[in-house]
Structures are given as C-alpha cells and as structure tokens.
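Reviewing the structure listed below.
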Amino acid sequence: MNILKKLATTTAALAVLAMVALPAQAEIRIALVVKSLGNGFFDAAAKGAEDAAKEIGDVKIIYTGPTKATAEGQIEIINALIAQKVDAIAISANDPDALVPALKKAMSRGITVISWDSGVAAEGRQMHLNPSDTDLIGSTIFKLAADFLPDGGEVAILSASSTAANQNSWIEAGKKVLPTMFPKIKLVATVYGDDDSVKSTDEAKGLIASHPNLKAIIAPTTVGVVAAAQVVTDMGLIGKINVTGLALPSEFKQFIDNGASQAVALWNPIDLGYSAVYISHALATGKSKAEPGAKLSIGHVGEVVLDDANTTAMAAPFQFDKSNIEEFSKIY
Ligand code: RAM
C-alpha cells in the first residue's frame with residue numbers, strides 16, 4: 001500500500017472512530033411557558049428566546065402558554081411538558097402557589113425549572129429572574145402618574161390577574177412608598193383585567209364610572225394599559241385622565257401620539273426571553289448551579305448574581321414618551 005493510500009484509510013478509520021466516540025451533542029429542549037398566548041410582550045420574549053437558541057446552538061424552544069392567563073391552564077401545560085421529557089421549563093407564572101406541585105414534579109423528574117417575569121414560590125423553582133428591581137418598578141409606576149399631576153389627585157390601578165406575583169409585588173412596593181414619595185396621589189381602587197382585552201376594557205370603564213374625579217389610570221400590564229388608553233380615547237377623556245403604566249412601545253405608540261398617555265415605562269422583553277433561555281440552558285447542562293451568590297452569564301446581555309432567595313433582577317425600567325417611543329416601537 002502506498003503511503004498516500006495508507007494515510008487515507010487511516011484518516012477514514014479515525015473519522016469513523018471519532019463519530020462513534022463523540023456522538024452529536026443532544027438537543028436541549030427548553031419550554032418557554034407564558035401567562036397566556038396572544039400577548040405581544042410574550043411574543044417579544046419568545047423572539048429573544050429564539051435568538052438565544054440560535055446563539056447557543058442545539059437548543060429547541062417550545063413557546064407555549066394557555067389561551068387565558070390562568071393557573072389551571074398552565075398546570076395542564078406543565079404536565080404535558082413533563083410527559084414530553086423536556087430538559088427545562090422557564091415559566092412566567094399566573095399564580096405563585098398553585099403551580100408548585102406540578103413544577104415540583106417536573107424537578108423531581110430531572111427537569112430544570114426557573115421562573116421569569118412572574119415568579120413562583122421558592123419551592124416550585126430553582127431560581128427566579130426579575131425583569132428589574134421590584135421596589136424600583138413599584139415606585140416607577142406611581143411616579144409616572146405623579147409626574148403629570150402637580151396638584152395630585154385620584155388614581156386607580158388596572159392590573160393583570162389578581163394572582164400574578166409580578167404585578168402584585170410591584171403594586172405592594174409602590175403602595176409602601178406612596179405616602180412619602182407621592183403624598184398628593186390618592187390611590188382609590190385596584191381592579192384586575194386578567195391580561196384579557198375585553199375584561200380590561202370593562203374594568204377600565206368601571207373605574208371611570210365609579211370615580212368621577214379620577215386623574216390617572218396606572219396599568220402595570222401591557223395588555224391592560226392598551227385597553228385603558230383605548231377606553232379613554234373612545235370616551236373623549238384625553239386630557240382628563242392620563243393613562244400610564246408598563247407598555248410595549250410597538251402597541252402603545254398610538255396613545256402617546258394621541259395624548260391619551262404622557263409617558264409609560266418598560267424593560268426590554270426580548271432581552272428578558274433571551275436571558276431566561278440562556279440561564280435555563282446553563283442550569284440544564286450543569287454549566288451553572290442555581291445557588292445563592294452564583295454568577296450566571298446571560299450572553300450578550302451580561303451577567304446576573306443570585307441573591308439568598310435565588311432571585312435576581314435585570315436592568316432598570318426605561319421611560320417612553322413623545323421623544324423616543326417612535327424609535328422603540330420599531331424594536332419591541
Ligand atoms: C403583561 C404581563 C407580563 C408583564 C407585562 C408588563 O404583558 O402581565 O407579565 O410583565 O405585562
């Protein structure tokens with residue numbers, strides 16, 4: 001056998017050997033479970049999740065959620081994901097407690113479980129990723145109203161579902177600082193639109209009917225804030241009631257343009273979904289561990305550190321108004 005031929009056979013043999021010894025890396029399946037489908041905020045997060053999957057490689061995203069933002073709907077989905085033996089579940093929860101048994105079951109089967117956006121109780125997840133500091137979001141939503149009410153006045157909250165841990169924690173945090181930070185603002189009611197456009201519209205109308213002196217509606221939900229601004233627009237109340245809260249610029253730009261709202265805030269939902277997947281992957285593959293003090297890489301977004309409760313927070317909320325909403329509306 002001449003030397004070239006010999007080399008070729010050896011290389012071929014080595015290649016076969018390598019294929020046997022190094023099987024292709026198994027695909028990691030990460031389920032991004034959201035409060036409900038059809039919500040633009042979660043669609044943006046899912047886009048970020050896909051970005052992370054592409055960047056990491058060998059990752060499959062299962063973007064799923066119930067049609068209505070209920071715990072029951074999410075429990076069914078979690079059970080189906082357990083049966084499918086996914087590698088990780090990253091969930092924005094509709095209820096911090098009701099999901100715990102199903103998520104515990106998932107973890108006992110070796111599935112990585114994290115919550116993001118809206119958390120589950122500590123025993124139901126390995127860690128929780130907050131979009132931003134809870135106290136800061138709480139004071140921001142009231143500041144957004146107070147900034148445009150120099151003489152103070154009545155405001156009301158139109159929230160998501162009554163069991164959503166994220167909105168509830170923001171509202172609680174905001175209420176605590178209200179007397180000292182915004183003494184002229186009077187919170188007269190908190191109602192729940194369940195991140196459902198129809199229910200949110202009805203609740204906004206109800207607030208207006210029962211509080212004739214209402215000066216602002218604060219909706220810390222991207223679904224509620226659009227519904228409230230539409231109601232104020234349709235009822236000819238622009239200039240009388242300022243709608244504010246947490247809004248997705250692409251959905252909300254029209255209400256900054258028409259004056260139903262002076263300003264709103266949010267964080268980058270694409271980065272949030274990206275980070276949830278990045279972290280889920282690191283935990284599922286054993287690259288990182290969810291424990292107090294752990295530094296978790298979130299790719300191009302940076303790094304977060306877990307606190308004693310295995311929770312962490314991303315960037316500060318960002319304000320949108322006439323000066324910048326056009327620019328951001330093209331991104332998310
Ligand atoms: C809605 C959801 C979500 C929340 C945003 C601000 O889309 O309730 O959980 O983070 O609003």
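Index from 1, following the sequence. Atoms within each ligand, like the ligands themselves, are counted from 1 in listed order.
Between Asp196 and Lys68 there is a salt bridge, since at least one side-chain N of the basic residue sits less than 4.0 Å from a carboxylate O of the acidic one. At a threshold of 4.0 Å, the pair Lys175-Glu172 counts as salt-bridged, since one of the basic side-chain nitrogens sits closer than that to a carboxylate oxygen.
An N or O contact shorter than 3.5 Å is missing between Ser92 and ligand 1 by distance. Checked by distance only, ligand 1 and Ser118 stay at 3.5 Å or farther apart across all their nitrogen or oxygen atoms. Among the atoms of Trp267, none of the N or O lies under 3.5 angstrom from an N or O of ligand 1.
Proximity of Gln230 to Phe255: side-chain heavy atoms (C-beta onward) are separated by under 4.5 Å at one or more points. At least one side-chain heavy atom of Ile137 sits under 4.5 Å from a side-chain heavy atom of Trp267. Two residues are said to be in side-chain contact when any heavy atoms from C-beta on lie closer than 4.5 Å; Leu129 and Met314 meet this criterion.
A heavy-atom separation below 4.0 Å is not found between Trp116 and ligand 1. Remark: distances from the non-hydrogen atoms of Val223 to ligand 1 are all 4.0 Å or more.
Listed by first and then second residue, the ring-ring contact (aromatic ring centres under 6.0 Å, His included) pairs involving residues 171-216 amount to none (not counting sequence neighbours).
For ligand 1, the atoms lying closer than 4.0 Å to a non-hydrogen atom of Asp117 are 3 (C), 4 (C), 9 (O), 10 (O). In the vicinity of Asp195, heavy-atom distances shorter than 4.0 Å reach the ligand 1 atoms 1 (C), 2 (C), 8 (O). For ligand 1, the atoms sitting less than 4.0 Å from at least one non-hydrogen atom of Thr221 are 11 (O), numbered in the order shown with element in parentheses. Distances below 4.0 Å separate heavy atoms of Phe42 from the following atoms of ligand 1: 3 (C), 9 (O).
Of the options Val34, Asp43, Thr222, the smallest heavy-atom separation from atom 7 (O) of ligand 1 is shown by Thr222.
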Please tabulate, for the side chains in residues 325-332, all donor-acceptor contacts under 3.5 angstrom to protein atoms that are two or more places apart in sequence or on a different chain.
residue : atom : partner : partner atom : Å
Ser329  : OG   : Ile325  : O            : 3.3
Ser329  : OG   : Glu326  : O            : 2.6

